[in-house]
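Per chain, numbering begins at 1; letters A, B, ... match sequence-line order. Just so it is clear, the model here is predicted, and its values are computed rather than measured. Note: hydrogens, waters and symmetry copies are ignored here, and every other heavy atom, side chains too, is used.
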Amino acid sequence: MTDTPQKPKWFQTTAIDYPNSRPHIGTAFEKLGADVQARYRRMEGFDVFFLMGTDENTLKVADRAKEQGLDPQTYCNDMAKQFRAVWDALDISYDTFIQTSHERHKQCCRKFVQKVYDNGHIYKGSYEGWYCPGCEEFKSDKVHAENAGNCPNHKRPLVRRAEPCWFFRLSSFQDRLLKHLKENPEFVQPESRRNEMIGFIEAEGLQDLNISRHGEQWGIPLPFDPEFTIYVWFDALLTYITGIGYGDDEATFRKHWPCDTHFIGKDITRFHTHIWPAMLWAAGEEAPRQVFSHGFVYVRNEESGTVEKISKSLGNIIDPMQVIGACSADAFRYFFLRECPFPSDGEFGWGRFAEVYNSELANNLGNLFSREMTLTWKNFNGVFDGTAGKVPESVVPGLDLAQFVCDVRGHVEACRYNLALQEVVQKFLTPTNQYLEANAPWKLVKTDKDAAKRVLFNATQSLRVASILLKPFIPKSAEAIYTSFNFPTPWAEVKYADAAELKAQPDDLRVTATVVDGKVAPLFPRIG
RNA sequence: CGCGGCGUGGAGCAGCCCGGUCAGCUCGCCAGGCUCAUAACCUGGAGGUCGUAGGUUCAAAUCCUACCGCCGCAACCA
């Protein structure tokens, strides 16, 4: 069985970020959620391609570069490097990282826009709105109304202004889109967002979209009218396809598209579920299979006890590196995945972070690992003689292991990561600690050494099962646990199915970890 | 009539879609136990009429209606 016929493909993306400032824990939350899915799918035998990137062709980016006395490209390259450093530190397993300022992206973008133009879905019109000469940009009607006709920044009256521009015929896709949304419940997740998106079209309908900007230096010129640059959506969204070869590597593009899941923040759901499919249809391509719109992370202000939105003006931005530095990447990952329900909102607070870390990682999982290791080492020199070919017994009374793994799997696939972790901890790890307590191998070893050996042999299986299930969540720690024993399946090849049954292994079970004075180093040292 | 989310023991949450076996989990508190382990682990306990009022039902935290309270929906920002 050396050939792997027809591995199913799995293409997923995160939103691409504005590199105006460094990533914060909210940005990281999205990447984490996506990463768990990517890691899980790889484990399950999918041919995964995981795309991330930065959205650089914006005015704000050009401004930021100017502030720092850099040309935009240098600035963008530097920021991209910083972003990747953070994602690497968090063990985000992306396969490619797209910068929209790169020539390849630009070329592919132009091809796409040209195609849509050729297909008759783009026309020249005029945009009229409230314009601030000070900001040199249009303001929404809402801003106009709320500020009594003045610019909130310049405190001067907004003027009515019309400007030529290019429109995308979004409105002509309205019926098809509504049908698509209604007939494909999986298309927008979670369900509440899907209802919102359907409701929006039914209530307000879709209007044509201005896709151009006039007189900008930084950006991609429209191929059929170079006076204009392509405005955000026909540029940023396209990373999802230019990153897999659209326009210059047909075979690769066909292999990956359509996208299996776009992970995005709830604020940009509409762009991904209304505009994006329409754009693709206009170019003769398929819509993505799913858009997963996740919640936001808020920050608990430990002094006031209030929960705040992450914002520069409140000064509560937390750099992921701060949290990783204070503990570890796995601790960071665990906290957000366990504590913040991915589909809805969550919050971060240092106090709660320490609490979750200590109770579940240090006291529960970490300590379980330590006690099993030490008991095994001290009493059996790290080897369970005569266990080769023996099938371990279940340590959790009444638990149907196969069903349990099936439940966890269901949660992971639905991105209910908090529930998946909750299951593992409550239905598996805690009962294993109880099993040890009830059977007290440290006592048993004095009267019936074989019985004590059996107890530990069984309990060790819990570490095997748990580490497999936790692999997508805390990859490094899970590996450390698993590879501390000579479990037969190589770590790189384990699947969730391996966790679903207790099997005999060819060799006597033994400890392979580094042990000093009968002890292993704590996996998750408690934090104060 | 804008849209959406939330309201469960002291704190933070799960359960609600598919009504009964649900009042559960973590932290904190009290009392025990244990000593293999990261001052950890285990057992027991106090503490909640599941926002309020109605309704459906043999049965509701779970479904329906109304109401009350809190939060998000301009910008930096996912």
For [N], take OP1 and OP2 only and decide whether either is under 4.0 Å from a side-chain N or O of [X].
| X | N | result |
| --- | --- | --- |
| A:Asn20 | B:C76 | no |
| A:Lys31 | B:A78 | no |
| A:Asn363 | B:C41 | yes |

query: Closest approach of A:Arg194 and A:Asn184, non-hydrogen atoms and distance?
result: NE-O, 4.1 Å

statement: pair_partner(B:A31), Watson-Crick or wobble, both distances < 3.5 Å, evaluates to B:U43

Atom [atom1] of [X] to atom [atom2] of [N]: distance rounded to whole Å?
| X | N | atom1 | atom2 | result |
| --- | --- | --- | --- | --- |
| A:Tyr298 | B:C6 | OH | P | 13 Å |
| A:Asp267 | B:C76 | CG | C1' | 13 Å |
| A:Gln434 | B:G44 | CD | C1' | 13 Å |
| A:Glu347 | B:C70 | CD | C1' | 14 Å |
| A:Lys449 | B:C36 | NZ | C1' | 14 Å |
| A:Glu372 | B:U35 | CD | C1' | 16 Å |

- request: Check whether more than 12 heavy atoms from other residues, nucleotides or ligands sit under 6.0 Å from atom CZ of A:Arg409, and answer yes or no.
  value: yes

